[in-house]
Each structure stands twice: as structure tokens, then as C-alpha cells.
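Below: the structure, in C-alpha cells.
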Amino acid sequence: MILNVQRHVHDAVTDALRRQFGLAEVPPFAIEVPPSRALGDLAVAVAFQLARTLRKAPRAIAGDLAAALTDLPGVARVVAAPNGYLNLYLERRPFVAARARGEVAWDPQPAEKTIVEHTAINPNKAAHVGHLRNAALGDTLVRVLRLRGTPVEVQNYIDDTGVQVADVIVGFRELEHLSLTDVQRIADSTRFDYYCWDLYSRVTEWYDGNATRLAVRASALHDLERGGNETAAMGAFIVDRIVRAHLKTMARLNIAYDLLTYEGDILRLQFWAHAFGILKDQGAVFLQTDGRHQGCWVMRIEEGGLGAPEPGEPEEESREKVIVRSNGVVTYVGKDIANQFWKFGFLGRDFHYRRFAAQATGHPLWATTSTDGEPGAPPFGHACRIYNVIDSRQMYLQALLSQALRTLGHAKEAENSVHFSYEMVALSHATARELGYPPAEGDDAKKPFVEVSGRKGLGVKVDDLLDLLATKASAEVSKRNAELSVEESERVAAQIATAAIRYFMLKFSRGKLIVFDMEEALSFEGETGPYLQYAVVRANNIFRKLEDRDGLVEADVLSGLDELPDDELRSGDGEPDAHDLWALVFEAARLDDIVEQTIRALEFSILAKYAFGLAQLFNAFYHRYPILNEDDAARKRWRAAGVAYFRQQLTQALDLMGIAVPTRM
RNA sequence: GCGCCCGUAGCUCAGCGGAUAGAGCACCCGCCUCCUAAGCGGGGGGCCGCCGGUUCAAUUCCGGCCGGGCGCACCA
């Protein structure tokens, strides 16, 4: 809740520059936050930028500006620092009082309908930590956008007709010789997503044993795509069960969706045929009659795109991407283009929809279907902006999507097709060893990490990780809070587990490969989700006790702040590392600025680090300044007001990261 | 070969061109008659990979190297 102040300071400085120096054009400049409160609350470095054009020393410019900036509402004083910075100190009392009372609201942003697609796990096995990063980033993006008033539709793409599902079908059939009813029985009596996890890796080994077995897969895949046969029926069953397992896992992490988009529906409803028609009409794809891609429909890749020429091959060919194979089967790229067209609403066709499940959010989850749609579905699709949350390995394919849109004259949509890209999650050697995998050999041993592989069954399952965290949290909770009921204690443990894992997934910037290490992820100390929760729990405890002991509720604390002596707002001034009330409130106020930065950079580590820093500031304040035991009534009230604002802001920040605040810890 | 990402403390990572380069972990020292020690305070530890360029100012921007990762299928 600092952006409004920054804006009016910016305007005032611009105005002062015009008046003082007769500048018609004021160069763009930023309102910064100085490294410590002793230097001021806001700072402007514009004097450096103007030194040359004005032929004047930065310090002198800053001095003139300071003199011109009188009577700025909300600003107590303006100081020209010796180095040329212009530093501003805010009026503290009204700043604190208004914010603690919640009188400074979020700016509504102009909003256009946005689709965020994330998770999109192949529905043939349990979710692992690699999938987790995707879902955590995607869900956080959704939360941040929604806070700013953007209407967001969350889609989860289900590849129900792909190779991975076919492989599990092959496993049930060829390795276990089971029928659909057998599989159904297994699903009802086992942890089915775990069962398929193991089966999938066994199938991979089976293929490796004899290459001719791949023909079985090809045939299964063909049946799966065509539908109306037993293979497809078994596939539909497996997919449904696994998708429900994924949703359950994600619900543990406070992740929900609006729509499941099934690839099978894209095929059955001829979305691809329509998209293909459009692409052909516009000349975006053509039938290659020669060379390596003979008989394929290909798309020309733009200059600077992908493609490595094979030795001796003309460069032309490497600049083509196959969209339809010579056997007439469309590739993933083609299906994705059709899906993207639909999301923007210019495919000219729509899905039918069915209610799929209830969710903890209260919003029903819908799924696409090819027939028998239910009434009451919201108007899905027709977005102005699309974020596809997919790891960086699929960069080229995402670039092709934009290219296809551009070729068809949809420049704006191409621009608004955002590949929200992030680096993958790998495993540390130590964690791979703990999971029982043999030490890597050869070149793999030299790598600093082990790659997660669903095919090999090598990975940490999300539910296992959550269970481990919850068990550990449960022990810690009951150790400290013997009076809690078993149910409450378990609820808190689950919240702590979710916090630990979600914070862990967000604290790294998205361009950084995460080498997942179990020991590190299980930590509750230092820069972790539980540390952040703990800070808010402490703040909440203060208010609980304030009510128990003094009969004061938050509203009592916040009323009458305007008349109270405000010495407390200057405590700690002049000290180099201020852990005082003003520093805490000021930092808490920066959340809106941080959210803006986060969206601009699509970088949630900014939000995560900010929340952590704010919690640190509070913990330091907490240790230094008593509240319940403070004798001076005015100081006590101001401190409590600061704590009220802090918990309001950090709770909000945690909510953006999908982290709840437990009742006790 | 081409494209993208990464290179900052022993380890894992932050650092929207600006004020003494920070945090967590690990290590050492201190703090529970005091609102929960999942905490707090203090300490040691840095050619910000290397070389150039732009700039009043470069860890930050640009170029070139070096090292590591990932892509560049009629897989998804």
C-alpha cells in the first residue's frame, strides 16, 4: 500500500523539475526505496540523470529540488543527500493509522480475460516433484492475477490419448494380462496412481528388452486415438482415476482448477480438422513432396528458429516442423495449435462440458466432453491473454504456437501467448540414493544432479513428500501444543507441510534448475514456509492474549490512534539496523509494489523473498519490543497497531503463495 | 553447429544501472523467571567466472571468451 504514495511523489517531482528547471521533457525516473530507513523512506536518483543536460552537479540539482518540494502531503521532509540522492521521509502517524485500519485499498487494474494453463500431468502415474513446480508456479500466478482483479480461467490439459497412457494400458495387458474389470478391481483396492507408477517403469523395461514390442505400443496408441474399442475404454478408466488422484494431491496444496481440457475431445470434436483447414487456407502449412519430410504437412520455421541440419542435408529441410505425419496422424504441435486457437475463441467450435468434481474452493470443476454436455457451464475460452506454464525444454514448441498465430494474422494474440517458462526439477545424488536408486554411472555420475524420470520411475512423489512433511510437522506441533485435539493438530500439520513445499518451490527464481534434496526440503528453519507461518501465528497470539488479558480487540487498538502520543513511531531512529515499529510498518506497506514487480517479471521469488524479509523484520521487532508487557499505554497501542498491519499484510502475501496460517504452531 | 538458461560466501540462493554486495544452511559464541527458542543477537568467511565496451555510475546493460545444464524427432 505504498504505490499511491510513490505515484504522487513521482508527479510532484516531475512538476518540480518543470517549474524549477524549465524542463519540457522530464526523463523517466523511478521512485526507489533506500537500503535503510535512516537514509529515508523513498528516494529519487533523477539528479544524476539530469546532471549533463542541466550542466549542473547532481548535488546542486537535488538541493534545488528539495527546496522546490515543499508542502508535499504525507511527506515530512525532503533531504538532498551529499551524493546527489533526493531522500524523502514520510509522515508516520497518518501513514500507519490509515493502513492499520485498512483504509488504503488495492488499486484495481484494467483487466482482460486471461487463461492460465498449468499442471498438465500425463494421466498415467502419480505426480512427482517435477510436476509440483509447475503447479505451484501456475497456481501462484493465478492468485496474483486474481488479486489484481484479472478474471482468470484455470485450465488443466489432460493428454488422455498419448503414448504415456498407451504404455500403461500395454502394461496391464501384456505384463499383467488383465481385463478392464481386473483393472477396475485393482483401482478400488490399491493406491492406483502409485500402482501405475511402478507399472509404467516396468513397461519401459519391457520395451527395452525387445524393440519389436514397440509395435504393441503403436497399436495401442492407434486404438486409443480412434476410440470405440476396449483399449480406449481401459484408457478412459485409467485416465479418470489418475486425474482424480492428481486433483486430490493438488487439493492438499490448495490448488484448484476451473476446467479440465481433454485432448481426446479436441480430436473427437474435429478441432484439429478445423484448425488444419485454417492453416492450409492461409498457407501456414504445406504438403512437402520431397526429402526427409516427404508426405508430411509441415510448417516453415521462422528465421532464427530451431532446426539442426543433418549432415549433408539442405538447410531448407531443417527449417521445417512436421505438423501432420505422412501417415496422416497429427503431431502434438498441431493439437496444441488447435487448442490455442480455441482458447482465443477463433476456432469457430466449442466443447461440450460436464461437471467433473466439487472443490474445496466452492467452485465446481468442469471438464470438456464430446457429447452430452450439461447445462450451466460458464463461457470457457475466449481469452485475451494466455499463460501456458510449461518448462523451458518446450520453448521451441511454444514459440511455434506464437508463430502460427502470427502467420495467420493474429499478431496481438501471438503477443499475448505467454510461455511461462521455468527450469526443471532434478534430484540430488543423495536423495536419489535414499530412494533406492543405484549410483549413477559414467557421464551421469559426473553431473551435479540426477534427472527425474517418470519412465524409469525415478522421482519423489508429491504425496510421499507431503506425508513426510506432515508427519514431521505433527510431531513438532504436538510437542509444543499438547492441548490441541488430534484433528486440529493434524490440520495444522497439513498446513505446515503445504507451506514448506510451496515456499520451497517458489523461493528459487524460475530460471534456476532446482536440485531437489530431501533434507533441505524437509527443513522448517530459516528461509522456509513454516518460518513465515510462525511469524503470523505469533502476531495472532499477541492479539488473542491482548483480548484475554486486557479485553482489547483489534478494533479497540486501532481506534483513537490519531490522538495518541506518537513517540513510539520514532523509536530506534538513528540506529543503523532499525528493528523498530516504523521500519516494520513501512516494509509491510510495500506489498502492492512487490506484487507489481512480481507480475512484471513473472518472478515469484520476488514475492517469496519479500515475505521472508518481512517475517524476519517482525521476529526481530517481536524480540526487542514487548507489547502485552509494555506499561506505556500509547506505546503499547502503536506497537499493537503495527502488529495488526503486519499480520494483515503477511497473511495476504502468504495467501498469494497458497499458504494458510495455522491456529497454533 | 545453432538457440535458451545458469555461473555471487564452504553449500543453496537473493540482489527492477546507483548509497558499506545480502539471506538461509553449515561452523563458532551468547540469549528461554520475559507476548511460543519452528525464534533472536554476535562472529568468521567474497579477484560477484574471465576479457573488453557503453555510462557520471556496471554484480546489474552490450559484445566476446571459459565452464555447466537443457533443447534443436514423422515423442509429448
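In what follows, chains carry the letters A, B, and so on, assigned in the order in which the sequence lines appear, proteins first and then strands, with residues in each chain numbered from 1.
The aromatic rings of A:F276 and A:W272 sit parallel, their planes meeting at an angle under 30°, below the 60° perpendicular limit. A perpendicular orientation is assigned to the rings of A:Y85 and A:F48, their planes being inclined by more than 60° (bins at 30° and 60°). Relative ring orientation between A:H10 and A:F29 is described as parallel, the plane-to-plane angle staying below 30° on a 0-90° scale split at 30° and 60°.
Within 4.0 Å of A:R480, counting heavy atoms only, lies at least one base atom of the nucleic acid. A:N87 comes within contact range of at least one nucleobase, with a heavy-atom separation under 4.0 Å. The residue A:Q398 sits apart from the nucleic acid: no heavy atom pair falls under 4.0 Å. Residue A:A426 is out of contact with every strand shown, counting any heavy-atom pair closer than 4.0 Å. When heavy atoms are screened at a 4.0 angstrom cut-off, A:R544 is found touching no nucleic acid atom at all. Residue A:L546 is out of contact with every strand shown, counting any heavy-atom pair closer than 4.0 Å. Nucleic acid contact class of A:P58 (heavy atoms, under 4.0 Å, all strands): none. Within 4.0 Å (heavy atoms only), A:V298 reaches no atom of the nucleic acid at all. Contacts of A:N541 with the nucleic acid, taken as non-hydrogen atoms under 4.0 Å apart, include base atoms. Within 4.0 Å (heavy atoms only), A:Q616 reaches sugar-phosphate atoms of the nucleic acid but no base atom.
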- Message: Each nucleotide in nucleotides 6-18 of chain B should get exactly one letter: B, S or -. Can you fill that in based on protein heavy atoms under 4.0 Å?
- Response: SS----SSS-B-B
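The base of B:C74 lies close enough to the side chain of A:S326 for a donor and an acceptor atom to sit less than 3.5 Å apart. Contact of A:N83 with B:A19 (side chain to base): a donor-acceptor pair of N or O atoms is detected under 3.5 Å.
The gap from the P atom of B:G15 to that of B:G49 amounts to 14 Å, rounded to the nearest Å.
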- Note on the structure: Under the rule of Watson-Crick or G-U wobble with both distances under 3.5 Å, where | means paired to another strand and [ ] a crossing pair, RNA chain B maps to (((((((..((((....[...)))).(((((.......))))).....(((((..]....))))))))))))....
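Remark: C1' of B:U36 and CD of A:Q533 are 15 Å apart, rounded to the nearest angstrom. Residue A:I542 contributes atom CD1, which lies 8 Å from atom P of B:U36 at whole-angstrom precision.
Checked against B:U36, B:A76, B:C4, the side chain of A:M395 finds its nearest nucleotide in B:C4.
Listed by chain and residue number, nothing satisfies the salt bridge (Lys or Arg N to Asp or Glu O under 4.0 Å) test with A:E603 (two or more places apart in sequence, or in another chain). For A:Y89, there are no side chain to side chain donor-acceptor pair (under 3.5 Å) partners, not counting sequence neighbours. Partners of A:N83 according to the side chain to side chain donor-acceptor pair (under 3.5 Å) rule, which considers only residues two or more places apart in sequence or in another chain, do not exist here.
Counting only residues at least two apart or in different chains, salt bridge (Lys or Arg N to Asp or Glu O under 4.0 Å) contacts with residues 491-515 of chain A comprise A:D139-A:R502, A:E488-A:R491.
Cation-pi contact between A:R647 and A:F543: present, with separation from the ring centre below 6.0 Å and deviation from the ring axis of at most 45°. Cation-pi contact between A:R217 and A:Y207: present, with separation from the ring centre below 6.0 Å and deviation from the ring axis of at most 45°.
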